[in-house]
Number of protein chains: 2
Amino acid sequence: MVSRDQGGEHTDGEFPAVVGGLRMTKQRRAVYQVLLDDRDHPTANDVFRRAQDRMLSISLATVYNCLEALVEHGLVNQVNFDREPSRFCSNLKEHVHFHDEKTGVIHDITFKPGAKLEDLLELPKGTEVTEVELTIRGMLPKQK
Amino acid sequence: MVSRDQGGEHTDGEFPAVVGGLRMTKQRRAVYQVLLDDRDHPTANDVFRRAQDRMLSISLATVYNCLEALVEHGLVNQVNFDREPSRFCSNLKEHVHFHDEKTGVIHDITFKPGAKLEDLLELPKGTEVTEVELTIRGMLPKQK
DNA sequence: TGGCATATTTAGAATAATTCCAATTAGGAC
DNA sequence: GTCCTAATTGGAATTATTCTAAATATGCCA
């Protein structure tokens, strides 16, 4: 195995050594930065390829590890569409996903202020909602 | 390969020969009946095991084929939770899924009459919605 | 600063749901 | 019955993801 350095000093400019309780290694930084730079909901493999531009030596396994760590610490969301590979996004504001069937692009859509999803549903009263996942498929209006 | 019969006559009681535009072979009938009997959102493998009770010779590949055909013809819905195996349900009424984190049971929840999801979201006007998929995780109230 | 315990990274193997394939079998029309 | 096409089948292939064991890096404390 080739000897590679893993960052040495903690803060090399961009991030503090710890973000959201997660120690920021060089690899985690690279993965996180990829997700902050382009918010187009890349797959783990997409992230891997992009992270390699920053860090030639990073491995796919590490990308998976880093993504898992980032998700667990709430810095990143993991999004699943049907049986497709998971996608990741760093948009932490509450939002739902709109899958444009024409372009394949995934847009983040926010709730209108004050909107409460629970009001629309026949949930037994007293139900505790911990997580909501909403995906919409369709087509955006023609031109723009 | 052992010779097995595939149903011979068309209507053997339960279903017409064609349902929703889909020719009902013995295997498709068995798979469909499994989903009509127990609406607990079984996986393909669950369906396979249950279908075997009706038809010893059915294969897993066929169960996948049948499920695909049933889904394509709109007789059955395919439901995906995160990265878990797909689940299938024959409840065609519009509903969302509530995943009880304590019991693992998946409940079908309907919208309140007149509820319009689009009203809650910041969708560009003119957006055409073709499909909505909503999953909620949480806990139902205590006793009950 | 050096040494140690622990956490992280890594390459590659393993896993699991699903799809594909090529061959057999069944169903319907004539 | 015969022929044509559709459906079924077992097993191999695929693919995203997880696991494993070894190498490496980091933080801490003397």
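Proteins come first, then strands; the chains are lettered A, B, ... in the order of their sequence lines, and each starts at number 1.
- Checking C:dC20, D:dT8, C:dT9 against every side-chain atom of B:Asn65, the shortest atom distance belongs to D:dT8.
- Listed candidates were C:dG27, C:dT10, D:dT9. Nearest to the side chain of B:Ala61 is D:dT9.
- Applying the ring-ring contact (aromatic ring centres under 6.0 Å, His included) criterion to A:His41, with sequence neighbours excluded, gives A:His97.
- Between the CZ atom of A:Phe48 and the C1' atom of C:dA11 there is a distance of 11 Å, rounded to whole Å.
- Look at B:Arg28 and you'll find a side-chain N or O under 4.0 angstrom from OP1 or OP2 of D:dA7.
- Residue A:Lys116 qualifies as open at atom NZ: its count of foreign heavy atoms under 6.0 Å is 12 or below.
- Considering only side-chain atoms of A:Tyr64, the nucleotide from C:dT9, D:dT18, D:dT9 that sits closest is D:dT18.
- The interatomic distance linking A:Met24 (CE) with C:dT8 (C1') rounds to 13 Å, in whole Å.
- Residue-level contact check: A:Asn45 touches neither bases nor backbone, having no heavy atom under 4.0 Å from any strand.
- Contacts with DNA chain D (heavy atom under 4.0 Å) in residues 73-88 of chain A: A:Pro85, A:Ser86, listed by number.
- In the set D:dT9, D:dA6, C:dA11, the nucleotide with an atom closest to the side chain of B:Ser57 is D:dT9.
- The number of heavy atoms from other shown groups lying within 6.0 Å of NZ (A:Lys93) does not exceed 12.
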Atom pairs and distances, side-chain donor-acceptor, residues 124-137 of chain B, under 3.5 Å, sequence neighbours left out:
from: B:Thr127; atom 1: OG1; to: B:Pro124; atom 2: O; distance (Å): 2.4
from: B:Thr130; atom 1: OG1; to: A:Glu101; atom 2: OE1; distance (Å): 3.3
from: B:Thr130; atom 1: OG1; to: A:Glu101; atom 2: OE2; distance (Å): 3.3
from: B:Thr130; atom 1: OG1; to: A:Arg137; atom 2: O; distance (Å): 3.0
from: B:Arg137; atom 1: NH1; to: B:His99; atom 2: ND1; distance (Å): 3.3
from: B:Arg137; atom 1: NH2; to: B:Asp82; atom 2: OD2; distance (Å): 2.6

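- For the 3.5 Å distance criterion, the side chains of B:Thr43 and B:Asp46 qualify, holding a donor opposite an acceptor.
- An OP1 or OP2 oxygen of D:dA6 is reached within less than 4.0 angstrom by no side-chain nitrogen or oxygen of B:Thr25.
- Spacing between atom NZ of A:Lys26 and atom P of C:dT9 amounts to 12 Å, rounded to whole angstrom units.
- One interatomic measurement links the two molecules: CD of A:Glu72 to P of C:dT8, which rounds to 11 Å at whole-angstrom precision.
- Atom pair A:Leu60:CG and D:dT20:C1' shows a separation of 16 Å (rounding to whole Å applied).
- Per the geometry, CD belonging to B:Gln52 stands 13 Å off C1' belonging to D:dG10, to the nearest Å.
- Note on A:Ser59: a side-chain N or O is less than 4.0 Å away from OP1 or OP2 of C:dT10.
- What separates CG of B:Leu67 from C1' of D:dA7 is a distance of 15 Å, to the nearest Å.
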Intermediate values then yes/no, side chain to side chain donor-acceptor pair (under 3.5 Å), B:Thr62 and B:Gln27
CA-CA 7 Å; B:Thr62 297; B:Gln27 288 82 346; 5.8 Å; no
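- Counting to the nearest Å, the P atom of D:dG10 and the CD atom of B:Gln27 are 11 Å from each other.
- No more than 12 heavy atoms of other residues, nucleotides or ligands lie within 6.0 Å of CG in A:Leu56, so this atom counts as exposed by the packing criterion.
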